[in-house]
Amino acid sequence: MIRPPLSLLVAGLAVLIGMAGLVRGSIPQTAAADSASSVQTAPIVVGGAYVREPATTVNAAAYFTIFNTSDTPDVLTSVASGAGAAASLHSETASGGMKITSAGLTIPAKSSIALSPGKGHVMIEKLYGTLTAGQTVNLQLTFARAGEVLVTAPVVGLLAPAPTATGPK
Ligand SMILES: [Cu+2]
């Protein structure tokens, strides 16, 4: 199958997101499905998302902080990205990394987990093209309870500081 260029995919996703009324001016992106009709805080809020500019065109790593505002644990069960053909959760070290089981990554009730260098990341694999600073990458996170959460992550230069994760207000 011929793969469309990255810019097309990003544009396509932006149109879909825009039609659903989900375009937000700033991070954090909140759980999409019920936000239009609800004034409650979304159960899952993702902040500080970014993709480190990759040194190669093979893989890229995405980082973000997941805030679980609900009274119930939730599990990040799968990840997908418009920037590559595959994406998966990776723990970075055996000792200091994240506890990722076959079910996924659990975010306890009323707490947060940061995917950060030394802990874990979303590995975007089989990139559709070069990723450079200033571009954005769409991530789709699927949670067992909260469902799908769409995140827009800027690509940050190799030596640039990571954005700060702002939690729910
Ligand atoms: Cu990885």
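Counting convention: from 1, in listed order, for ligands and their atoms alike.
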Are V75 and L141 co-members of a hydrophobic cluster defined by side-chain heavy atoms under 4.5 Å apart?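 Unlinked, L141 and V75 end up in two clusters.
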Joint cluster assignment, V122 & L105, ILVMFWY side-chain distance < 4.5 Å:
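V122 and L105: one cluster.
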### Task
Please indicate how many protein N/O/S atoms are found closer than 2.8 Å to the Cu ion (ligand 1), with waters neither displayed nor included.
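My tally for this metal is 2.
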message: Per the ring-ring contact (aromatic ring centres under 6.0 Å, His included) rule, what does the pair list look like for residues 137-169, sequence neighbours excluded?
response: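 Non-adjacent pairs meeting ring-ring contact (aromatic ring centres under 6.0 Å, His included): zero.
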side-chain hydrogen bond (donor to acceptor under 3.5 Å, both in side chains) partners of S70, counting only residues at least two apart |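 Per chain and number, S70 pairs via side-chain hydrogen bond (donor to acceptor under 3.5 Å, both in side chains) with N68.
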S88: which residues meet the side-chain hydrogen bond (donor to acceptor under 3.5 Å, both in side chains) condition with it, sequence neighbours left out?
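S88 satisfies side-chain hydrogen bond (donor to acceptor under 3.5 Å, both in side chains) with H90, E125 once adjacent residues are dropped.
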Which atom pair, heavy atoms only, marks the closest approach of S81 to I124?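 Looks like OG-CD1, 3.8 Å.
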